[in-house]
Amino acid sequence: MRAYTHLKATLEQALASLNLPVPDRMTIEPPKDEQFGHLATNAAMMLAKEAGKAPRKIAEDLKAAIENTDPAIARIEVAGPGFLNFFFTDDFWRQTVTDIREQGAAYGRLNLGQGRRVQVEYVSANPTGPLHIGHGRGAAVGDSLARILRAAGWEVSTEYYLNDAGRQMLILGKSIFCRYRQHFGADIELFDDGYKGDYIMDLARDLAAEHGRTLLDMDEDEAVSICREYGMKVILDGIKKDLQDFNVEHQVWFSERSLTEAGKVEDTFESLRNKGMAFDQDGALWFRSTDFKDDKDRVLRKSNGDLTYFASDIAYHDDKYKRGFDLVIDIWGADHHGYIPRMKAAVQALGKEADQLEVILVQLVNLLKGGEQIAMSTRAGKFETLADVVGEVGADSARFIFLSRKSDSKLDFDLDLVKEKSMDNPVYYVQYAYARINSVFRKAGETGVPVPAPGQADLSALDTLEDKLLLRCLEQYPYAVQSAARGFSPHHISFYLRELAGLLHRYYSANKILTAENESVVAARLALIDAVRHVLANGLDLLGVSAPESM
RNA sequence: GCGCCAGUAGCUCAGUUGGAUAGAGCAACGGCCUUCUAAGCCGUCGGCCGGGGGUUCGAAUCCUCCCUGGCGCGCCA
């Protein structure tokens with residue numbers, strides 16, 4: 001990132017000196033092959049048409065304007081159709097080590113968000129059963145994205161939307177009551193759409209232990225209501241614990257009931273009516289989402305008087321924006337993708353821009369065991385819970401796997417592979433690099449080898465191929481944060497970390513550190529791996545994965 | 001039928017606001033522990049980037065038409 005920032009300034013100055021504009025589509029990027037420089041720009045090619053000159057001629061002019069005026073740049077080459085390839089001096093790259101060691105945990109922080117406020121809402125599973133592995137993926141993505149956006153300069157708030165009103169909760173109450181009656185010998189069967197999981201029977205049994213037979217004598221609605229509240233509380237406590245064990249945080253737990261009870265849904269209806277965006281037809285209340293490119297208009301209140309989910313979702317998002325968020329990010333299961341156009345329409349009807357709502361779709365997780373698929377369905381009561389999986393493979397492994405793929409592609413999660421301590425399971429590879437570095441520093445402490453302070457290390461000994469590769473990679477870290485933040489893609493961090501860890505392992509194998517040829521080489525290499533240690537720690541923190549001192 | 005996502009090495013996947021000879025890990029094969037952690041390193045093998053056409057100095061990336069797989073199209077949640 002230093003190199004980019006530096007070169008951009010130099011290039012703009014040179015363009016100005018030649019009376020050339022900065023082209024809109026100018027890129028400054030590291031080429032795939034370092035023979036084409038550390039950074040290359042297409043500026044000359046972009047200017048050719050406008051300036052009426054051959055791209056190579058413009059490139060030569062730029063080269064002449066920059067050459068020998070910028071002490072950080074060692075060499076410039078004009079290549080191919082008109083690329084300008086820049087090579088920085090070794091000392092320029094070495095400076096990265098000092099920067100990282102001075103900045104520590106702050107290295108890689110950016111100001112992309114410029115303090116704007118963003119809300120990330122994730123998981124938001126109905127409290128009708130334990131979280132399963134699919135929720136786990138959404139949790140990992142949401143939690144990590146929040147960390148990344150914070151690092152990128154956004155003011156982030158994280159939230160769980162609790163669907164504590166509505167039909168699903170009623171079914172939960174009825175399911176528990178049914179099991180409760182069975183517990184006391186009633187000869188009845190669970191109704192068709194009731195929840196079938198064993199945990200419902202556990203809830204009924206505990207409820208019976210607490211209340212005895214008293215619910216049997218009550219009005220059924222009242223008994224179901226008690227069952228519902230009891231079930232919701234216990235299940236919600238379980239969800240909170242599962243998330244905690246998964247190292248996932250929600251700052252705000254937002255209750256759907258609080259919307260309806262405060263009349264916010266009605267307020268939203270009123271506001272939409274006033275704007276002409278809601279209308280009555282066939283006894284129902286409709287939202288005119290076709291005004292905003294949705295396929296069809298959508299029902300808000302059914303002719304039987306019930307609210308649709310969509311209605312409270314609009315009120316909920318209205319509330320989000322009224323709380324002052326510039327950007328709202330929702331993380332949904334990919335099977336809800338058809339819901340996006342109407343939600344975007346709603347956001348616009350609320351007076352916001354469509355891009356102030358960002359929906360991240362998380363594809364389903366295929367849970368496998370030894371290559372064989374394990375079925376999942378909350379309703380059928382057959383699923384692997386998140387807690388089971390985390391208990392079996394650990395939070396770090398599970399999180400790293402979830403964050404190692406684009407969220408919008410299906411993910412095979414093989415329990416047997418994830419437990420393996422091999423490269424099939426890259427979390428160990430990255431953590432091991434961190435632990436290895438710490439091991440060297442422990443040894444340095446034991447044997448009294450001094451570690452130079454950040455500003456005082458003489459880094460000129462960092463001269464091997466492995467040194468250079470590591471220096472380049474360290475300088476790239478802020479880019480990785482940038483692309484993860486811009487693309488809302490935590491997996492960029494995972495890929496970056498795997499590369500950095502690989503270079504560290506290679507370095508470790510090829511270069512002695514504590515037993516290097518002389519003291520100044522030892523000191524320089526300690527400074528370098530200290531910088532690597534900081535970056536590994538910072539990156540792992542963005543994923544919510546621990547950085548172990550030893551393994 | 002319409003829409004969204006995906007199709008890149010034997011497998012799992014990166015790379016898509018157009019850049020130079022398309023990458024990584026795994027698997028396979030061959031090497032490396034008297035050495036700071038071998039949970040590691042080095043090397044070899046491996047490709048019509050689903051297919052056709054188009055745009056341009058340049059396409060895995062953009063446009064278009066097909067093929068294949070997943071998902072979604074309710075006054076369900």
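Quick caveat: nothing in here was measured; it's all calculated off a predicted structure. Order of the sequence lines sets the chain letters (A, B, ...), proteins ahead of strands, with each chain counted from 1.
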### Query
Within the structure shown, what part of the strands sits under 4.0 Å from Ala40(A) by heavy-atom distance: base, sugar-phosphate, or nothing?
base
### Task
Report yes if the distance between the aromatic ring centroids of Tyr316(A) and Tyr161(A) is under 6.0 Å, otherwise no.
yes
### Task
Determine which nucleotide pairs with C45(B), using a 3.5 Å limit on both distances of a Watson-Crick or G-U wobble pair.
none
### Message
Taking donor-acceptor contacts at under 3.5 Å, does the side chain of His337(A) reach the base of G3(B)?
### Response
yes
### Query
With a non-hydrogen cut-off below 4.0 angstrom, is Asn85(A) in contact with a base, only sugar-phosphate, or nothing?
base
#### Entry: G7(B) versus C63(B) - spacing of their P atoms, nearest Å
15 Å
### Integer angstrom distance from the C1' of A14(B) to that of U55(B)
27 Å
#### Entry: Pairwise C1' distance for U8(B) and C13(B), with rounding to whole Å
9 Å
#### Entry: Rounded P spacing from C33(B) to A38(B) in Å
12 Å
### Query
Has Arg298(A) got its NZ or CZ under 6.0 Å from the middle of the six-membered ring of Phe287(A), at an angle within 45 degrees of the ring axis?
no
### Query
Expressed as a whole number of Å, how far does the C1' atom of G19(B) sit from that of C62(B)?
14 Å
### Query
How is Phe495(A) classified with respect to the nucleic acid when contacts are heavy atoms under 4.0 Å: base, sugar-phosphate, or nothing?
sugar-phosphate
### Message
Does Asn511(A) reach a base, just sugar-phosphate, or nothing at all? Heavy atoms under 4.0 Å.
### Response
base
### Message
Applying a 4.0 Å non-hydrogen cut-off, can you work out what Ser409(A) is touching in the nucleic acid: base, sugar-phosphate, or nothing?
### Response
sugar-phosphate
### Message
I'd like to know if Asn42(A) reaches the base of A20(B) with its side chain such that a donor and an acceptor end up less than 3.5 angstrom apart.
### Response
no
### Message
Could you check C33(B) for me: syn (within 90° of 0) or anti?
### Response
syn
### Query
With centres under 5.5 Å and planes under 30°, do His505(A) and A39(B) count as stacked?
no
### Task
Could you check which of C76(B), G19(B), A6(B) has an atom nearest any side-chain atom of Lys302(A)?
C76(B)
### Task
Examine the base of C36(B) for any acceptor or donor lying under 3.5 Å from a partner atom in the side chain of Thr515(A), and report the outcome as yes or no.
no
### Message
For Arg436(A) and Gly283(A), find the nucleotide of RNA chain B closest to each by heavy atoms; which residue's nucleotide sits nearer the 5' end?
### Response
Arg436(A)
### Query
Are OP1 or OP2 of C13(B) and a side-chain N or O of Arg405(A) less than 4.0 angstrom apart?
yes
### Message
Does A39(B) have OP1 or OP2 under 4.0 Å away from a side-chain N or O of Tyr428(A)?
### Response
no
### Check ion pair Arg288(A)-Asp294(A) (N to O, under 4.0 angstrom)
no
### Query
Taking the six-membered ring of Tyr429(A) as reference, does the NZ or CZ atom of Arg498(A) fall below 6.0 Å from its centre and within a 45° cone about the axis?
no
### Message
Need one value for Thr447(A): base, sugar-phosphate or nothing, where a base atom within 4.0 Å counts as base even if backbone is also close, heavy atoms only.
### Response
nothing
### Query
Using a cut-off of 4.0 Å on non-hydrogen atoms, how would the nucleic acid contact of Asp306(A) be classed: base, sugar-phosphate, or nothing?
nothing
### Query
Given the P atoms of G10(B) and G70(B), what is the spacing between them in whole Å?
23 Å
## Note on the structure
By the Watson-Crick or G-U definition, both distances under 3.5 Å, A9(B) is matched with none
### Query
Want to settle it: does Tyr507(A) or Ala501(A) sit nearer the 5' end of RNA chain B, counting the closest nucleotide to each?
Tyr507(A)
### Query
Which listed nucleotide (G19(B), C76(B), C36(B)) is nearest to the side chain of Leu514(A)?
C36(B)
#### Entry: Residue Ala284(A), side-chain heavy atoms: nucleotide from G15(B), A38(B), C75(B) that is nearest
C75(B)
### Sugar-phosphate, base or nothing in reach of Glu256(A), heavy atoms under 4.0 Å
nothing
### Task
Specify the separation, in whole Å, of atom CG of Leu503(A) and atom C1' of G23(B).
14 Å
### Message
I want to check one thing: is the phosphate of C42(B), taken as OP1 and OP2, less than 4.0 Å away from some side-chain N or O of Arg506(A)?
### Response
yes
### Query
With a non-hydrogen cut-off below 4.0 angstrom, is Lys296(A) in contact with a base, only sugar-phosphate, or nothing?
sugar-phosphate
#### Entry: Atom P, compared across C73(B) and U12(B): separation rounded to whole Å
28 Å
### Query
Under a 4.5 Å cut-off applied to non-hydrogen side-chain atoms, are Arg257(A) and Leu162(A) in contact?
no
### Query
Using a cut-off of 4.0 Å on non-hydrogen atoms, how would the nucleic acid contact of Met46(A) be classed: base, sugar-phosphate, or nothing?
base
### Query
Which is true for His336(A) with a 4.0 Å heavy-atom rule: it touches a base, it touches only sugar-phosphate, or it touches nothing?
base
### Message
If I take atom CG in residue Asn126(A) and atom P in nucleotide A77(B), what distance separates them, rounded to the nearest angstrom?
### Response
11 Å
### Query
Can you find a pair of side-chain heavy atoms, one from Val545(A) and one from Gln431(A), that are under 4.5 Å apart?
yes
### Query
Looking at side-chain heavy atoms only, is the closest gap between Phe292(A) and Arg342(A) below 4.5 Å?
no
### Query
Who does C36(B) pair with, Watson-Crick or G-U, both distances under 3.5 Å?
none
### Message
Applying the Watson-Crick and G-U wobble criteria at under 3.5 Å, what pairs with C2(B)? Answer none if nothing qualifies.
### Response
G72(B)
### Message
Between Asn85(A) and His38(A), do the side chains contain a donor N or O and an acceptor N or O under 3.5 Å apart?
### Response
no
### Arg533(A) NZ/CZ over Phe441(A) ring centroid, <6.0 Å and within 45° of normal
yes
### Query
Using purine N1 to pyrimidine N3 plus N6-O4 or O6-N4 for Watson-Crick, or N1-O2 and O6-N3 for G-U wobble, both under 3.5 Å, which nucleotide pairs with A27(B)?
none
### Query
Are Tyr496(A) and G15(B) close enough that a side-chain N or O sits under 4.0 Å from OP1 or OP2?
no
### Task
Would you tell me if any nitrogen or oxygen in the side chain of Lys410(A) comes within less than 4.0 Å of OP1 or OP2 on C13(B)?
no
### Task
Would you mind classifying the nucleic acid contact of Ala435(A) as base, sugar-phosphate or nothing, using non-hydrogen atoms under 4.0 angstrom?
base
### Message
Using atom P in both nucleotides, what's the gap between A60(B) and U17(B) to the nearest angstrom?
### Response
14 Å
